[in-house]
Undergrad: 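Here you go, one structure.
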Amino acid sequence: KYFLFIGSLSNAFDFELIYEISNLLMSTHSEYFFLICGTGDKYEKLKSLFENSKNVFLFGEIDKYNASFLVKNAIATLAPYQNNPNFKNSIPNKVIESLEHGVPFITCTEGELKSLIQKYKNGIYLNRNKLDISKILKLINNKEYLERLRENASKSYQNSFDFKKT
């Protein structure tokens with residue numbers, strides 16, 4: 001029962017989003033966790049940010065086998081990319097890997113990632129200016145909704161990113 005971030009711990013990501021979501025969920029769903037795996041120049045800052053969080057665990061770098069295992073078993077992956085042109089105009093590999101495993105992703109990034117969710121219903125877009133976690137709660141409380149997002153994640157990978165097919 002966890003949400004997962006794997007990647008570089010850098011300024012490319014809005015880790016405050018994970019902090020805010022984890023705090024909101026802690027009050028009603030303390031059995032759900034947030035795993036953050038990676039290394040980078042923000043590691044010490046994140047260690048400090050999450051030190052009192054009971055539902056966030058910060059790990060260092062993990063190998064591709066453990067990463068694959070964690071992604072496959074996650075409720076959803078976290079893609080908290082900053083809203084800048086680099087990320088608005090692209091679909092990062094971490095999102096594609098999540099879809100490949102049939103796992104929905106959660107993002108606050110506008111542009112391509114938001115469009116991907118709108119087109120395929122394969123994840124959750126959160127408006128960063130007005131954080132509403134009702135869709136995350138629906139993901140936790142409604143197994144049919146989670147399963148539908150998982151199926152859509154797989155289909156969107158096969159339709160758009162599976163290079164054996166495309």
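Excluded from the calculations below are hydrogen atoms, water molecules and symmetry mates; all remaining heavy atoms, backbone and side chain alike, are included.
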Undergrad: Consider only side-chain N and O atoms of His29 and Asn141, and report whether a donor and an acceptor are under 3.5 Å apart.
TA: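 A donor-acceptor contact under 3.5 Å links the two side chains.
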Undergrad: Take a 6.0 Å sphere around NZ of Lys54 and say whether it holds more than 12 heavy atoms from other residues, nucleotides or ligands.
TA: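 Incorrect, the count does not exceed 12.
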Undergrad: For residues Ile6 and Thr77, determine if any side-chain heavy atom of one lies less than 4.5 Å from a side-chain heavy atom of the other.
TA: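 Not in contact.
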Undergrad: Assigning hydrophobic clusters by single linkage (Ile, Leu, Val, Met, Phe, Trp, Tyr; side-chain heavy-atom cutoff under 4.5 Å), is Tyr2 placed with Ile140?
TA: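 No: no chain of side-chain contacts under 4.5 Å links Tyr2 to Ile140.
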Undergrad: Before accepting this row, confirm whether a basic side-chain N of the pair Arg128/Glu20 lies closer than 4.0 Å to the acidic partner's carboxylate O.
TA: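 Salt bridge present between Arg128 and Glu20.
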Undergrad: Any non-hydrogen side-chain atom of Lys94 less than 4.5 Å from a side-chain atom of Phe105?
TA: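 Not in contact.
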Undergrad: Quick one: are the ring centres of Phe15 and Phe5 less than 6.0 Å apart?
TA: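 Between Phe15 and Phe5, the centre distance is under 6.0 Å.
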Undergrad: Same cluster or not: are Leu58 and Leu35 linked, directly or through other Ile, Leu, Val, Met, Phe, Trp or Tyr residues, by side-chain heavy atoms under 4.5 angstrom apart?
TA: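 Hydrophobic grouping puts Leu58 apart from Leu35.
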Undergrad: Applying the 4.5 Å side-chain criterion to the ILVMFWY set and letting contacts propagate, would Leu4 and Tyr43 be lumped into a single cluster?
TA: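 In one cluster with Leu4: Tyr43, no.
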Undergrad: Mark yes when over 12 heavy atoms from residues, nucleotides or ligands other than Phe57 sit less than 6.0 Å from its CZ; otherwise mark no.
TA: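 Count over threshold, so yes.
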Undergrad: Checking Lys42 side chain against Thr39 main chain: does a donor-acceptor pair fall under 3.5 Å?
TA: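 Such a contact is absent between Lys42 side chain and Thr39 backbone.
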Undergrad: Going from OH on Tyr157 to CD1 on Ile96, what distance comes out if it is rounded to the nearest 0.5 angstrom?
TA: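 Going from the OH atom of Tyr157 to the CD1 atom of Ile96 covers 8.0 Å.
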Undergrad: Within the 4.5 Å heavy-atom criterion, are Leu116 and Val95 side-chain neighbours or not?
TA: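 Side chain of Leu116 against side chain of Val95, heavy atoms only: contact under 4.5 Å found.
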Undergrad: Just by modelled atom types, is the Asn55 backbone N or O under 3.5 Å from a matching donor or acceptor in the Ser22 side chain?
TA: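 It does not hold such a pair.
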Undergrad: Using a 6.0 Å cut-off, check whether atom NZ of Lys135 has over 12 heavy atoms from anything other than its own residue.
TA: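 No, the 6.0 Å shell around NZ holds no more than 12 heavy atoms from other groups.
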Undergrad: Within the distance-only criterion (no hydrogens, no angle test), does the side chain of Asn83 pair as donor or acceptor with the backbone N or O of Cys108 below 3.5 angstrom?
TA: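 Yes.
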Undergrad: Would you check if Leu9 and Ile36 make a side-chain contact, meaning some heavy-atom pair closer than 4.5 Å?
TA: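 Yes - at least one pair of side-chain heavy atoms lies under 4.5 Å apart.
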Undergrad: Using a 4.5 Å cut-off on heavy atoms from C-beta on, say whether the side chain of Leu49 contacts that of Leu46.
TA: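 Yes, side chains in contact.
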Undergrad: Is there a side-chain contact (heavy atoms from CB on, under 4.5 Å) between Asp132 and Asn127? Walk through the geometry before answering.
TA: CA-CA 7 Å; Asp132 173 12; Asn127 183 330; over 6 Å; no
Undergrad: OG1 of Thr107 to CD1 of Ile117: how many Å apart, nearest 0.5 Å?
TA: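 Result: 6.0 Å between the selected atoms.
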Undergrad: Any side-chain to backbone donor/acceptor pair from Ser154 onto Glu151? Under 3.5 Å, distance only.
TA: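 Not a single qualifying donor-acceptor pair exists.
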Undergrad: Show the nearest heavy-atom pair for residues Ser98 and Val71, with the distance to one decimal.
TA: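 Heavy atoms of Ser98 and Val71 come nearest at CA-CG1, 4.1 Å.
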Undergrad: Would you mind reporting whether Leu113 and Phe87 have side-chain heavy atoms less than 4.5 Å apart?
TA: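 The answer is no, as the side chains (C-beta and beyond) never meet within the 4.5 Å cut-off.
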Undergrad: Do Phe59 and Val56 share a hydrophobic cluster, counting only Ile, Leu, Val, Met, Phe, Trp and Tyr and linking them when any side-chain heavy atoms are less than 4.5 Å apart?
TA: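 In one cluster: no.
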Undergrad: Give a yes or no on whether Glu61 atom CD has more than 12 heavy-atom contacts from other residues, nucleotides or ligands under 6.0 Å away.
TA: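 No, not enclosed.
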Undergrad: Determine yes or no for a side-chain-to-main-chain donor-acceptor pair under 3.5 angstrom, with Asn142 supplying the side chain and Lys138 the backbone.
TA: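 Such a contact is absent between Asn142 side chain and Lys138 backbone.
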Undergrad: Rounded to the nearest 0.5 Å, how far apart are CZ of Phe161 and OG of Ser156?
TA: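 It is 6.5 Å, given to the nearest 0.5 Å.
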Undergrad: How far does CD1 of Ile75 sit from CG of Leu139, to the nearest 0.5 angstrom?
TA: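 Ile75 atom CD1 to Leu139 atom CG measures 6.5 Å (nearest 0.5 Å).
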Undergrad: To check you understand the geometry: which heavy-atom pair defines the closest contact between Gly102 and Ala153, and what is its length?
TA: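 Heavy atoms of Gly102 and Ala153 come nearest at C-CB, 3.8 Å.
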Undergrad: Among the clusters formed by ILVMFWY side chains lying less than 4.5 Å apart, do Phe3 and Leu70 turn up in the same one?
TA: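 The answer is no; the residues belong to distinct hydrophobic clusters.
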Undergrad: For the pair Phe50 and Ile18, evaluate side-chain contact (heavy atoms from CB on, under 4.5 Å) and give the outcome as yes or no after the intermediate values.
TA: CA-CA 10 Å; Phe50 293 114; Ile18 297 173; 4.1 Å; yes
Undergrad: If we only count heavy atoms from C-beta on, is the Ser160 to Tyr120 side-chain gap below 4.5 Å?
TA: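 Counting from C-beta outward, Ser160 and Tyr120 do come under 4.5 Å.
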Undergrad: Could you give me the CA-CA distance, side-chain angles and deciding distance for Ile136 and Leu24, then say whether side-chain contact (heavy atoms from CB on, under 4.5 Å) is met?
TA: CA-CA 11 Å; Ile136 295 175; Leu24 290 169; over 6 Å; no
Undergrad: In Å, rounded to the nearest 0.5 Å, how long is the span from CD1 of Ile106 to CG of Leu149?
TA: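 Going from CD1 on Ile106 over to CG on Leu149, the span is 9.5 Å.
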Undergrad: To check you understand the geometry: which heavy-atom pair defines the closest contact between Thr109 and Gln82, and what is its length?
TA: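 Heavy atoms only, the tightest pair is CG2-O, 4.0 Å.
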Undergrad: Would you name the heavy atoms of Leu146 and Pro104 that are closest together and state the gap between them?
TA: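 So the two residues come closest at CD1-CG, 4.3 Å.
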Undergrad: Answer yes if the ring centres of Phe13 and Tyr81 are under 6.0 angstrom apart, and no otherwise.
TA: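 When the ring centroids of Phe13 and Tyr81 are compared, they turn out to be within the sub-6.0 Å range.
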Undergrad: Which distance, rounded to the nearest 0.5 Å, do you find between the NE2 of His101 and the NZ of Lys72?
TA: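 Those atoms lie 5.5 Å apart.
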Undergrad: Over all heavy atoms of both residues, which pair between Lys121 and Gln118 is shortest? Give the atoms and the distance, please.
TA: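 Between these two residues, the closest heavy atoms are NZ-O, 3.0 Å.
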